[in-house]
Student: 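Submitted below is the structure of interest, expressed as C-alpha cells.
The structure displayed is predicted, hence computed values, not measured ones. Only heavy atoms go into these numbers, but all of them, side chains included; no hydrogens, no water, no symmetry mates.
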Amino acid sequence: INKMDRVGADPYRVVEQLNDKLACGAILMQLPIGKESDFCGVIDLVKNNAVYFDGEQGEKIRIEAIPSDLVKEADVARRGLLETLAMFSDEMMELLLEEQTPPVELIHSVVRLAVWSRQLTPVFLATAYKNKGVQPLIDAVVSYLPSPLDCDNYAWRSGHENLQDDEKSEDGKNENNKLLLKPDSNEPVVAMAFKIIEDPYGTLTFMRIYQGMLKKGESYFNQRTGNKERISRIFRMHADSREEIESAGAGDIVAVIGIDCSSGDTFAAEKDYCTLESMYVPDPVIRIAIRAKATKDADRLSKALYRFRKEDPTLSISTDQESGETLMAGMGELHLDVYVERIRREYKVDVETSPPKVNYREAPTIPVDFDIKHKKQSGGSGQYAHIVGRMSPIPEDADTTETFIFEEKIVGGTIPSNYIPAIEKGLRSSLEKGPVAGFPVVGLSVLVDDGSFHTVDSSDLAFRICAQTALRETFPRMKPTLLEPVMKMEIECPSQFQGNVVGDLNSRRGIINVTETVGAITRIEGEIPLAETFGYSTTLRSMTQGQGTFSMEFLKYKKVPSSIQEVIIKERKEAAAGK
C-alpha cells in the first residue's frame, strides 16, 4: 500500500477492500508507526520488531523494539497473522495449539508456499515518494515470490509451424517440440524484448533473459526476422537512473541499446533456435485520422507514430490510399487518446484528429455461383480470362481462424495451373475494401472449378482482373451483412446507481450477462457494440456521481441490425461522394 503519508491513509480499509473486491486472502504483514504526515516506520509482524527509515531518502534503516503504545495492537495483529498462516501448515497449527512461538524461518516458508498457491496476498506499507518501507517490500519479493529457478519456462523449437496437422496439439503446436529453458548462464542465450522506449541516448529495449549470458558487444539473432543484431550497451535500470554493465545472466531484466526489433521478439544465440510464446495482438477495432496542424511538425509526428508503433503492437499506423490521410487504429477510445496526448506532450506537436471510426467488416450470408469472363481487345495482344465457381460463407463452426479460404478443383486443364496463383491474388487484393460499403471482407470461401483460357491473350494480369471482377459482381448477390466489433465490458458502481447504469446499457444495444452485488458495490458484466461506447466514460461518471469505473476488451464481431446497417452504408456512400 503506497502513499501511507497522505491524509486519510487507512491500510485496514484497503485490506478490507482487497478481500471484498478480489477475494485474494489479503493480510497485513506490517502495521504503520505514525499516521499520515507522521508516518515514520512499520512494525514487522513476522520478526516482531519496529523498523524506522531515517535519512532524506529513507536509506538508513533503524530496528528497535515496538513502541509501548503499539505493543497490544501488534500482539493482536501478529496472532491473527499466525492463525491465518496455520491454515496452510500443520506444523504451525501444532505450535500455536501448544502456545509456542513459531520460528521466523517457518513463518517465511509458510507464507512463501501460500503465495505460490495463490491463496494468500501479503500486504506491505510504504510511501515511495519518501522511500519509507520500500526495502522490506523488496525483501518480501525475494523471500516470497518464485525465482527463475522455481519456474519452468518453455519455448517452441523453430519449425513447429511447419508440422503436419496430426502432429499438432489443440493449440496448433506439437508438445514434443517444446524446449525447456534452463536459468543457466552456460546455456545458449534466449531472451525476450518486451518493452521499447525512446531515450536521449537512443532506443532502449527492455529484455528478460530466460537462458544463457547476454554480453555487451555480442550479436544475437532475432528469431522472427532472422536478422543479427549487435548489443552495444547493457544497462541495469533503477527508475530514472541506470548502471551500465558488461553482461547479464538468466533471470535478469535489463535494458539494451543497439538493436532494432518489436515488442515480443525473441533473441537467441543461434539462428532459428526457438521462439518464446509471443504476445496475442488482437486486430484494432477503432481508428482516427491524425495530422499535424503545422506542416513543419509533420516529420516529428512521423517519428512519434513510428516509435509508438514499435512500442505497442496493438497500435496500428497506416495510410488511406484514397485520401492520403494517416490513420491511427487501436483497441479503444482511451487507447488512442493516450497516444494523441503523448504526441502533444513528448514531441510538442499540435495535432488534429477526426472523430473515431469503427472498423466494420463485410460478410456473406448465402452461397452464390459465378461465371465471369474478362475479355479485352484493342489491337495487338488482348486480355482473356474466364473463371467459374462458387462463393460461400465460411460456417461459424468451421475449425479455422482464416477469414478467407481459396480452393481450386480444375479438371482437364481448363485453366492452366500457372494462372491459379493470379486468381487467388486477385481475390485477396479485393478483400481489403468490400463492394458493399468499402469495409474489409471476412468469412468468405471461394471455390474455382472451371473456366477457360486463350493461348495468346491469357495472362496473369488477365486472370487477376477477372478474379477482382468476380468478387465485385458476385459478393453483392450473397446478401452481405455488416459485422461490428462487440466489446466485453465490466462496470463497477455503487449499488444505488445500478438501475440507471443498466438502463443506459440497454439503450446502447448492450446485453447484460452478469450482475453481482458485493456490499455497497455492484459489478456488471456485459457486451456492448463499440460504436455505442464513444464518450461512455463521461456518461458513466455523471450517472454515478463520479464513482463508477469500467473496463473494456474486444470480444467478437457480430451482425449489425439491418436498420443501422442501412444508415452506415448510406453514410459511407455520402462520404465517398464528398471526396
Student: For D350, which of K293, R300, R345 qualifies under salt bridge (charged side-chain N to carboxylate O under 4.0 Å, His left out)?
Tutor: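 The passing option is K293.
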Student: Ignoring hydrogens and angles, state whether a donor on the side chain of S495 or T522 is under 3.5 Å from an acceptor on the partner side chain.
Tutor: yes
Student: Can you check whether T455's main-chain N or O pairs, donor with acceptor, with S458's side chain at less than 3.5 Å?
Tutor: no
Student: Looking at A155 and L276, what are the two nearest heavy atoms and their distance?
Tutor: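 Minimum heavy-atom separation between A155 and L276: CB-CD2, 4.1 Å.
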Student: I need the minimum non-hydrogen distance between L471 and P435, along with the two atoms involved.
Tutor: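 For L471 and P435, the tightest heavy-atom pair comes out as O-CG, 4.1 Å.
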Student: Just by distance, do the side chain of N2 and the backbone of A128 share a donor-acceptor pair under 3.5 Å?
Tutor: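 Judged by distance alone, yes, a pair lies under 3.5 Å.
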Student: Do any N or O atoms from the side chain of E362 and from the backbone of A437 form a donor-acceptor pair under 3.5 angstrom?
Tutor: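 Such a contact is found between E362 side chain and A437 backbone.
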Student: Rounded to the nearest 0.5 Å, how far apart are NZ of K425 and OG of S430?
Tutor: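 Going from NZ on K425 over to OG on S430, the span is 12.5 Å.
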Student: Starting at CD of Q468, measure out to CG of L431 and round the result to the nearest 0.5 Å.
Tutor: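 CG of L431 is found 10.5 Å from CD of Q468.
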Student: Assign the ring pair Y536 / F550 to parallel, tilted or perpendicular, where the plane angle (0 to 90°) is split at 30° and 60°.
Tutor: perpendicular
Student: Ignoring hydrogens, what is the shortest heavy-atom contact between L540 and T544? Give both atom names and the distance.
Tutor: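 Where L540 meets T544 most closely, the heavy atoms are O-OG1, 2.8 Å.
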Student: Please determine which of N227, T266, D265 meets the side chain to side chain donor-acceptor pair (under 3.5 Å) test together with N222.
Tutor: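 Testing N222 for a side chain to side chain donor-acceptor pair (under 3.5 Å) against N227, T266, D265 leaves exactly one candidate, D265.
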Student: Between the side chains of H386 and D450, does any donor sit under 3.5 Å from an acceptor?
Tutor: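 Checked: H386/D450 side chains show no N/O donor-acceptor pair below 3.5 Å.
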Student: If you apply the rule side-chain contact (heavy atoms from CB on, under 4.5 Å), what do you find for I415 with S452, and how did you get there?
Tutor: CA-CA 6 Å; I415 299 177; S452 61; over 6 Å; no
Student: Are E525 and R523 close enough for a salt bridge, meaning some N to O gap below 4.0 Å?
Tutor: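 Yes, charged N to carboxylate O under 4.0 Å.
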Student: Could you tell me whether the side chain of E490 and the main chain of M552 form a donor-acceptor pair under 3.5 Å?
Tutor: no
Student: Start with the C-alpha gap between F475 and V436, add the side-chain angles, then the distance that decides, and say whether side-chain contact (heavy atoms from CB on, under 4.5 Å) holds.
Tutor: CA-CA 8 Å; F475 191 77; V436 177; 4.0 Å; yes
Student: When you measure from the side chain of D457 to the backbone N and O of G382, does any donor-acceptor pair fall under 3.5 Å?
Tutor: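 Yes.
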Student: Look only at the side chain of N19 and the backbone of A26, and say whether a donor-acceptor pair between them is shorter than 3.5 Å.
Tutor: yes
Student: With a sphere of 6.0 Å drawn around CG of D299, does it hold more than 12 non-hydrogen atoms of other residues, nucleotides or ligands?
Tutor: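 Counting neighbours around CG of D299, 12 or fewer heavy atoms of other residues, nucleotides or ligands fall under 6.0 Å, so no.
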Student: For the atom pair CZ (R472) and CD1 (I372), what is the distance rounded to the nearest 0.5 Å?
Tutor: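 Here the rounded value is 9.0 Å.
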Student: Does a donor on one side chain sit under 3.5 Å from an acceptor on the other, for Y347 and D297?
Tutor: no
Student: Mark yes or no for whether T365, through its side chain, and P480, through its backbone, hold a donor-acceptor pair below 3.5 Å.
Tutor: no
Student: Within the side chain of R157, is there an N or O that forms a donor-acceptor pair under 3.5 Å with the backbone of D272?
Tutor: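 A pair under 3.5 Å: no.
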Student: Indicate yes or no: does D504 engage R508 in a salt bridge with an N to O separation below 4.0 Å.
Tutor: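 Counted as a salt bridge, because a side-chain N and a carboxylate O are separated by less than 4.0 Å.
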Student: How close do T533 and M489 get, counting heavy atoms only, and between which atoms?
Tutor: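 Shortest heavy-atom contact: CG2-CE, 4.4 Å.
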Student: Can you find a heavy atom in the side chain of E473 that is under 4.5 Å from one in the side chain of F370?
Tutor: no
Student: To the nearest 0.5 angstrom, please state how far the CD1 atom of I288 sits from the CD atom of E325.
Tutor: 11.0 Å
Student: Looking at Y210, does the NZ or CZ of R208 lie under 6.0 angstrom from its six-membered ring centre and within 45 degrees of the ring axis?
Tutor: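 Yes, a cation-pi geometry.
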Student: Taking all atoms of both residues into account, what is the closest heavy-atom pair of A9 and K3, and its distance?
Tutor: CB-O, 3.9 Å
Student: Are L447 and F406 packed together at the side-chain level, in the sense that at least one heavy-atom pair is separated by less than 4.5 angstrom?
Tutor: no
Student: What's the verdict on side-chain contact (heavy atoms from CB on, under 4.5 Å) for Q545 and F497, showing C-alpha distance, side-chain angles and the deciding distance?
Tutor: CA-CA 9 Å; Q545 297 179 5; F497 302 116; 3.6 Å; yes
Student: Which atom names give the shortest non-hydrogen contact between D460 and A422, and what distance separates them?
Tutor: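 Nearest pair, atom of D460 first, then A422: O-CB, 3.5 Å.
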Student: Hey, mind stepping through E484 and R509 against salt bridge (Lys or Arg N to Asp or Glu O under 4.0 Å) and telling me if it holds?
Tutor: CA-CA 12 Å; E484 64 180 342; R509 298 192 284 127; 2.7 Å; yes
Student: Check whether Y154 forms a cation-pi arrangement with K178 (NZ or CZ under 6.0 Å from the six-membered ring centre, at most 45° off the ring normal).
Tutor: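 Yes - K178 lies over the ring of Y154, closer than 6.0 Å to its centre and within 45° of its axis.
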Student: To the nearest 0.5 Å, what is the distance between CD1 (I259) and CZ (F267)?
Tutor: 4.0 Å
Student: Using a 6.0 Å cut-off, check whether atom NZ of K195 has over 12 heavy atoms from anything other than its own residue.
Tutor: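 Incorrect, the count does not exceed 12.
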Student: Given the rule in the side-chain contact (heavy atoms from CB on, under 4.5 Å) test, do H374 and Q383 qualify, once you have shown the distances and angles that lead to the verdict?
Tutor: CA-CA 7 Å; H374 172 66; Q383 292 180 9; 2.8 Å; yes
Student: So do the side chains of W156 and C274 get within less than 4.5 Å of each other, counting heavy atoms only?
Tutor: no
Student: Hey, are the side chains of M331 and I286 touching, using non-hydrogen atoms and a 4.5 Å cut-off?
Tutor: no
Student: Under a 3.5 Å threshold, yes or no: a donor from one side chain and an acceptor from the other, between T319 and T326?
Tutor: no
Student: With a 4.5 Å cut-off on side-chain heavy atoms, are L305 and Y339 touching?
Tutor: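 Y339 does not reach L305 side chain to side chain.
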Student: Taking the basic N atoms (NZ, or NE/NH1/NH2) and the acidic carboxylate oxygens, is any pair closer than 4.0 Å for R464 and E424?
Tutor: no
Student: So how far is it from E407 CD to R390 CZ, rounded to the nearest 0.5 Å?
Tutor: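 Nearest 0.5 Å value for the CD-CZ distance: 12.5 Å.
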Student: Heavy-atom count check: over 12 atoms from other residues, nucleotides or ligands less than 6.0 Å from R6 CZ?
Tutor: no
Student: Would you say E432 has more than 12 foreign heavy atoms packed within less than 6.0 Å of its CD?
Tutor: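 No, CD of E432 has 12 or fewer neighbouring heavy atoms, counting only those of other groups under 6.0 Å.
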Student: Is the shortest heavy-atom distance from the side chain of E346 to the side chain of R307 under 4.5 Å?
Tutor: yes
Student: With a 4.5 Å cut-off on side-chain heavy atoms, are R344 and V349 touching?
Tutor: no
Student: I'd like to know if the side chain of S445 and the backbone of S392 have a donor-acceptor N/O pair within less than 3.5 Å.
Tutor: no
Student: Determine whether the side chains of S459 and Y419 contain a donor N or O and an acceptor N or O closer than 3.5 Å.
Tutor: no
Student: With side chains defined as the heavy atoms from C-beta onward, is the minimum distance between I420 and I410 less than 4.5 Å?
Tutor: yes
